[in-house]
Amino acid sequence: MMQNMAPLTCKRPKRSTLAQDPAAVAKWLLGQTIVRVLNDGECLAGTIVETEAYLGVIDQAAHTFGGKRTKRNQSMYAKPGTAYVYFTYGMHHCLNVVCGQLNEPVAVLIRALEPTQGLDTMRKNRQANPARKTRRLLKDHQLCSGPGKLCQALAIDRQMDSIDLLTSDSLLLVQSLYETLPDNQIVNTPRIGVDSAGAWALRPLRWYISDNCHISIRNRHLGE
DNA sequence: ATGACGATTTACT
DNA sequence: GTAAATCGTCATA
């Protein structure tokens, strides 16, 4: 568990940190913070606890497999530190951190956050469109425990696509004051929801913080 | 213009 | 465990 979080300071990562291969960045991002500043100035924040790397043109599970370039995925070709936000399944948004080099379409999907600031607003955002009538209060670990959930909680949609996470005032990546997590607190498994990607579905390109209860539901019991 | 398909979530048997 | 919800995006015509 990430307990006793330091008060939020605004140390921004260097762009060179994100200009690495997506697997390295995915691992590095664990423990860092995503901050969303709403129009009224309210801050919502969470610690990244689960990530997946998408390796671009060679990766059958990536939107840019084979060098595919469309209106939707063009921000994956942008400079490292750019947000790639896409809409899927007719109702969900997903947030990625573009990494690697300019024009090298690789990215890291942010799959789960441990919410640290603005939980009440997150709960409100998550229940804005209740699918079920009698919905009980969402527990903290239900707010950001999935790529679609965290975007709903932080009010992230395609308007945030192509934003620079290192300079933006509305959606920011903030570096932890702590050292990088030790390897024995990081679990590495295959990615979720990419079963149709052949052999690439089996590659261990997902990472999450061991024993953290805010990771996505699926595979919470697996791993190691 | 049309049809197939999701880097998901939720409810339900 | 299975299936429904729901629609932008993309490839094809």
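Below, each value reflects all heavy atoms present in this structure, side chains not excepted, and no hydrogens, waters or symmetry copies.
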Protein-nucleotide distance ([X], atom [atom1]; [N], atom [atom2]), rounded to Å:
{"X": "A:I215", "N": "B:dT8", "atom1": "CD1", "atom2": "P", "value": "14 Å"}
{"X": "A:K149", "N": "B:dT9", "atom1": "NZ", "atom2": "C1'", "value": "7 Å"}
{"X": "A:L143", "N": "B:dT9", "atom1": "CG", "atom2": "C1'", "value": "14 Å"}
{"X": "A:F65", "N": "B:dC5", "atom1": "CZ", "atom2": "P", "value": "17 Å"}
{"X": "A:R126", "N": "B:dT8", "atom1": "CZ", "atom2": "C1'", "value": "11 Å"}
{"X": "A:K139", "N": "B:dT10", "atom1": "NZ", "atom2": "P", "value": "16 Å"}
{"X": "A:Q142", "N": "B:dT9", "atom1": "CD", "atom2": "P", "value": "13 Å"}
{"X": "A:R206", "N": "B:dT8", "atom1": "CZ", "atom2": "P", "value": "11 Å"}

Exercise for the section: Apply ring-ring contact (aromatic ring centres under 6.0 Å, His included) to A:H92 and list each qualifying residue two or more places apart in sequence or on a separate chain. Expected result: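 ring-ring contact (aromatic ring centres under 6.0 Å, His included) list for A:H92, sorted by chain: empty.
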Exercise for the section: For A:F87, check ring-ring contact (aromatic ring centres under 6.0 Å, His included) against everything at least two apart and list the hits. Expected result: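 For A:F87 the ring-ring contact (aromatic ring centres under 6.0 Å, His included) partners, ignoring immediate neighbours, are A:H93.
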Handout entry: Stems where DNA chain B pairs, listed by first number, each of three or more Watson-Crick or G-U pairs under 3.5 Å
Key = B:1-6 with C:7-12, B:8-12 with C:1-5
Practice task
Would you mind building the protein contact string for nucleotides 6-13 of chain C? One character per nucleotide, 5' to 3', B for base within reach (heavy atoms under 4.0 Å), S for sugar-phosphate only, - for untouched.
Solution key: BBSSSS--
All side-chain hydrogen bond (donor to acceptor under 3.5 Å, both in side chains) counterparts of [X], not counting sequence neighbours:
{"X": "A:T121", "result": "A:E42"}
{"X": "A:T17", "result": "none"}
{"X": "A:R15", "result": "A:D164"}

Problem - Stacked pair A:Y54-B:dA7, distance under 5.5 Å, angle under 30° - result: yes
Fill in the blank from the handout: Quick note, ring-ring contact (aromatic ring centres under 6.0 Å, His included) partners involving residues 183-205 of chain A, not counting sequence neighbours, are none
Exercise answer: donor-acceptor pairs, residues 62-73 of chain A side-chain atoms, under 3.5 Å, sequence neighbours excluded:
from  : atom 1 : to     : atom 2 : distance (Å)
A:H63 : ND1    : A:Y84  : OH     : 2.7
A:T64 : OG1    : A:P105 : O      : 2.9
A:R69 : NH1    : A:N103 : OD1    : 3.4
A:T70 : OG1    : A:R72  : N      : 3.3
A:T70 : OG1    : A:N73  : N      : 3.4
A:N73 : OD1    : A:T70  : N      : 2.7
A:N73 : ND2    : A:H63  : O      : 3.2
A:N73 : ND2    : A:K68  : O      : 3.1

